[in-house]
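To start, the structure itself, in structure tokens.
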Amino acid sequence: RWRLPPLRLAASVVPTAVSSTQFRQWSSKNDSKEAASANDDAGSSSFSGPAPLLERSDKGFLSRLYEKHSLKQQTDRILVAESLLQAATSQASDPRWFGPGRIPRDFRSYQALLTMHIWFLHKRLIMNTEDPHRAALIQEELFDIMWQDSSNRMRAHGVNEWLITKNLKTVQQYTFMHCFHYDHCYTELLDDPKERLAELKNLVLTHVLVLNPDDDQAKLDHDDQLTRIAWYIEAQYQNIIHDLPQDSFEKARVAWVDLPDFSALRDSRGVAMGDNPIHMDDVLPKKWLRNIANDGSYYYWNVETRQAQWERPNF
């Protein structure tokens with residue numbers, strides 16, 4: 001089974017505000033360093049862990065330069081990155097998260113759900129051994145498009161234009177910290193399933209529900225909810241990292257594991273809570289999706305007919 005090298009998170013090495021390129025370089029370089037450290041601890045005289053994506057490429061300088069700056073190559077990468085973002089957006093926007101799942105319908109919690117699914121795609125990209133240079137460039141495009149999407153949603157929430165850049169830095173900061181938390185769970189705790197599940201629950205409490213991880217009562221009140229989402233993350237990790245065929249992933253055809261069954265969630269006393277209905281604003285007719293324009297306005301498009309419109313479609 002393919003395994004990620006261990007990653008030890010230290011506050012001194014976690015950047016507070018970085019670009020998507022810096023994040024890609026930081027993540028892959030730390031994977032390499034930690035793998036080397038693990039080999040040293042085991043008495044190995046050679047390092048066989050993964051190098052950063054760009055360093056693992058066997059392409060020449062001119063070939064890489066052409067691939068990065070060629071209009072056709074860049075267009076292809078953007079289309080793949082946009083499709084990957086759309087796949088993550090569709091899964092993160094599922095109304096069951098906010099209805100039966102009882103996740104708040106606010107910017108921060110949605111950003112965390114989107115980050116969760118982007119992280120799976122990011123990890124799959126950095127696994128690429130056939131063309132790591134192209135994978136690195138797609139990953140860079142993916143995060144750049146994600147930041148544009150985040151800025152658009154801030155506009156939709158009424159954030160003044162002159163505050164967008166300042167607020168985006170804050171969004172980037174807690175998004176990357178969220179990603180580093182996943183890295184910690186699936187590197188350092190990869191061989192300790194029980195501890196990993198506990199840390200995943202802590203991750204969901206902190207980043208998705210945006211509650212204090214030191215609040216024991218909050219942990220108790222949300223334990224059933226946290227457990228179901230943590231098992232979803234486990235299943236999704238296996239699905240995206242190990243089971244999704246490479247040819248499907250290269251075409252951005254992502255088949256997600258279904259959402260957790262949130263029926264009969266139990267409170268801190270073990271009593272089943274009543275149903276929490278799906279908000280009608282989150283429900284659209286079949287084949288219709290909601291997307292956001294650069295000015296923060298929402299529009300709707302049909303995935304089958306490719307029709308787009310500003311008006312909300314009727315059932």
Side-chain angles (χ1 to χ4, degrees), residues 9 11 14-20 23 85-122 142-185 199-215 217-219 221-223 225-230 232-233 236 259-260 262 265 276 278-279 281-282 290-292 294 296-298:
L9 294 182
V14 175
T16 56
V18 295
S19 69
S20 56
F23 169 69
L85 179 68
Q86 186 60 58
T89 299
S90 297
Q91 189 75 352
S93 302
D94 193 303
R96 290 174 292 173
W97 289 117
F98 314 102
R102 298 175 183 269
I103 292 175
R105 295 176 70 253
D106 56 33
F107 181 93
R108 180 74 180 266
S109 292
Y110 173 78
Q111 183 75 15
L113 287 173
L114 181 60
T115 299
M116 175 195 298
H117 295 90
I118 289 291
W119 181 84
F120 291 123
L121 303 176
H122 146 71
L142 176 61
F143 276 94
D144 286 344
I145 296 171
M146 181 185 179
W147 302 139
Q148 183 61 55
D149 177 80
S150 301
S151 299
N152 295 343
R153 284 186 285 107
M154 281 190 278
R155 294 184 180 97
H157 280 266
V159 176
N160 289 332
E161 191 64 33
W162 61 281
L163 290 174
I164 292 293
T165 301
K166 177 181 178 181
N167 281 276
L168 181 60
K169 290 181 179 179
T170 302
V171 172
Q172 289 176 326
Q173 179 177 342
Y174 61 66
T175 296
F176 287 139
M177 291 302 295
H178 190 177
C179 288
F180 298 147
H181 207 158
Y182 285 115
D183 285 337
H184 170 69
C185 290
E199 191 59 33
L200 285 172
K201 291 166 65 175
N202 184 53
L203 179 155
V204 174
L205 183 75
T206 303
H207 299 287
V208 179
L209 300 185
V210 199
L211 296 174
N212 185 355
D214 297 322
D215 187 341
Q217 187 59 48
K219 292 181 179 179
D221 292 341
H222 296 273
D223 184 68
Q225 179 189 31
L226 297 174
T227 299
R228 299 189 195 197
I229 298 176
Y232 168 83
I233 295 171
Q236 204 66 268
L259 269 62
F262 288 116
L265 276 177
N276 192 46
I278 293 174
H279 198 288
D281 286 349
D282 295 332
R290 188 175 75 160
N291 214 330
I292 191 167
N294 288 339
S297 301
Y298 286 101

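Applying the side chain to side chain donor-acceptor pair (under 3.5 Å) criterion to Tyr110, with sequence neighbours excluded, gives Ser93.
Using a distance-only test at 3.5 Å, with no hydrogens or angles considered, a donor-acceptor pair links the side chain of Asn276 to the main chain of Gly99. Checked by atom type and distance alone, the side chain of His157 never pairs as donor or acceptor with a backbone atom of Val159 at under 3.5 Å. Looking only at distances, no side-chain donor or acceptor of Trp147 sits under 3.5 Å from a matching main-chain atom of Val171.
Neither side chain, Gln148 nor Asp144, offers a donor N or O lying under 3.5 Å from an acceptor on the other. Between the side chains of Tyr182 and His178, at least one donor N or O sits under 3.5 Å from an acceptor N or O.
With contacts defined as side-chain heavy-atom distances shorter than 4.5 Å, the pair Asp149/Leu114 qualifies. Counting heavy atoms from C-beta on, the side chains of Met146 and Gln172 never come closer than 4.5 Å. Considering only heavy atoms from C-beta on, Thr206 stays 4.5 Å or farther from Leu211 through its side chain. Counting only heavy atoms from C-beta outward, the side chains of Gln225 and Ile229 approach each other to under 4.5 Å. Taking 4.5 Å as the limit, some side-chain heavy atom of Phe98 sits within range of a side-chain heavy atom of Leu113. A 4.5 Å side-chain heavy-atom check between Asp221 and Asp215 finds every atom pair outside the cut-off. Using a 4.5 Å cut-off on side-chain heavy atoms (C-beta onward), Phe120 and Gln91 make no contact. A 4.5 Å side-chain heavy-atom check between Thr89 and His117 finds every atom pair outside the cut-off.
Using cut-offs of 30° and 60° for the angle between ring planes, the Phe143 and His122 rings count as perpendicular. Relative orientation of the His184 and His181 rings is tilted, given thresholds of 30° and 60° on the angle between their planes.
Applying the salt bridge (Lys or Arg N to Asp or Glu O under 4.0 Å) test to residues at least two apart or on different chains, the pairs with a partner in residues 99-118 are Arg105-Asp282. Listed by first and then second residue, the salt bridge (Lys or Arg N to Asp or Glu O under 4.0 Å) pairs involving residues 87-98 are Asp94-Arg96, Arg96-Asp258 (not counting sequence neighbours).
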(request) Test His207 against Tyr174 for side chain to side chain contact (heavy atoms under 4.5 Å, CB included), laying out the working first. (result) CA-CA 8 Å; His207 299 287; Tyr174 61 66; 5.7 Å; no
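Ile233 CD1 to Leu203 CG: the interatomic distance, rounded to the nearest 0.5 Å, is 6.0 Å.
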